Amino acid sequence: MSDASLLELTGLRVAYGAIEAVKGIDLHLAKGELVALIGANGAGKTTTLNAIAGTLPAAGGEIRYDGARINALPAHRRLRKGLALVPEGRGIFTRLTVEENLRMGAYCRRDAAGVEEDMDRIFSMLPRVKERLQQVAGTLSGGEQQMVAIGRALLSRPRLLLLDEPSMGLAPLVVEKIFEVIRSVAAGGVTILLVEQNAHLALEFCQRAYVMESGAVTLSGTGARLLADPKVRAAYLGEL
Ligand code: ATP
């Protein structure tokens, strides 16, 4: 693995019982990269993110993060090393307030002053969240909940942020807002792996992308190259 790599998957396999959902994939992210993982429903994208975050075990292959093999490391230890997941469906605690949800993200930190600094930075990035700090999170709109989920992940001070379909179920204008937030997080130096159903959006937004089909990576390259690829255009961009 080169020094500049933050994450490297080699032959990663993940199974649900006898069903192998991820069948030996290779994927790498350099420090500071913004990379998309696209593919049809059931291709194995969420499973891949969960294996990286440690919420699902790898059945084979290797996950290397910041130079070390982390296959056996539990999820909370990965989080402490800066590997944060914003799960599909957001994983918001609906009965807690926005502020309580955000602070959950900092539960393993001991630097109270740093947490407050990060809260302020997050508020300037997400003013809407600041306005609603005392609101019960379950009463927020879908877009606001997504922002809280991203804010919560940022409070762990991630170096690698795994985002699972942040645009899911949101109106186009709200999606634009969420993607602006993701762009500013990336500009702040956080490496990002983004799972996205909307292939067009993902390929325009990210520097590079991987395409998954039935548990395997079938294509990878720059967003521009994949946008021009006839197979991608036919399968994912609705063209014949
Ligand atoms: P989606 O966009 O629909 O979330 P995906 O690419 O993220 O799709 P996964 O959710 O990773 O795909 O699912 C990959 C495969 O694993 C699918 O065939 C799915 O049915 C299967 N799978 C996912 N979760 C489980 C589970 N808990 N138990 C058994 N099989 C599962």
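Computation of the quantities below employed the complete heavy-atom set of this structure, encompassing side-chain atoms and omitting hydrogens, waters and symmetry-equivalent molecules. Positions are given from 1, in the same order as the sequence printed here. Order of appearance sets the numbers: ligands from 1, and atoms from 1 within every ligand. The model shown is predicted, which means the values in this text are computed figures rather than measured ones.
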Please work out, at 4.0 Å between heavy atoms, whether the side chain, the backbone, both, or neither of M212 comes within that distance of ligand 1. neither
Please check atom 16 (O) of ligand 1 for a protein heavy-atom neighbour under 4.0 Å. yes
Below 3.5 angstrom, do we get any N/O pair linking N41 and ligand 1? yes
Quick one: nearest non-hydrogen protein atom to atom 26 (C) of ligand 1, plus distance? Y16 CD2, 3.4 Å
Taking only heavy atoms of A40 into account, list the atoms of ligand 1 that are under 4.0 Å away from them. 6 (O)
Do T191 and E33 have side-chain atoms, one donor and one acceptor, less than 3.5 Å apart? no
Taking the basic N atoms (NZ, or NE/NH1/NH2) and the acidic carboxylate oxygens, is any pair closer than 4.0 Å for R109 and D118? yes
Return the set of residues passing side-chain contact (heavy atoms from CB on, under 4.5 Å) with A202 (not counting sequence neighbours), or none when no residue passes. A36, I38, E196
So if I count the atoms of ligand 1 from 1 in the order they appear, which ones are less than 4.0 Å from some heavy atom of T47? 9 (P), 11 (O), 13 (O), 14 (C)
Yes or no on side chain to side chain donor-acceptor pair (under 3.5 Å) for Y16 and T47, after CA distance, side-chain angles and deciding distance? CA-CA 9 Å; Y16 298 101; T47 304; 2.7 Å; yes
Near A43, which atoms of ligand 1 are under 4.0 Å from a heavy atom of that residue? 5 (P), 6 (O), 12 (O)
Does any N or O atom in G42 lie less than 3.5 angstrom from one in ligand 1, N or O only? yes
Closer than 4.0 Å: a protein non-hydrogen atom to atom 19 (C) of ligand 1: no
Output yes when the distance from some N or O of ligand 1 to some N or O of G44 is under 3.5 Å, and no in every other case. yes
Euclidean distance, C206 SG relative to L226 CG, rounded to 0.5 Å: 11.0 Å
Heavy atom of the protein closest to atom 2 (O) of ligand 1 (residue, atom name, distance): E165 OE2, 3.1 Å
To the nearest 0.5 Å, atom CD of E99 lies from atom CZ of R132 at 15.5 Å
Need the ligand 1 atom indices (1-based, order shown) with element for anything under 4.0 Å from a heavy-atom of E88. 4 (O)
May I ask you to say whether E8 pairs ionically with K31, meaning some side-chain N is under 4.0 Å from a carboxylate O? no
Show me which atoms of ligand 1 lie under 4.0 Å from any heavy atom of T46. 4 (O), 5 (P), 7 (O), 10 (O), 11 (O)
Answer yes or no: does atom CZ of R77 have more than 12 heavy-atom neighbours from other residues, nucleotides or ligands under 6.0 Å? no
Carboxylate-amine/guanidinium proximity below 4.0 Å for E117 and R121: no
Note: ligand 1 atoms sitting under 4.0 Å from heavy atoms of Q197 are 2 (O)
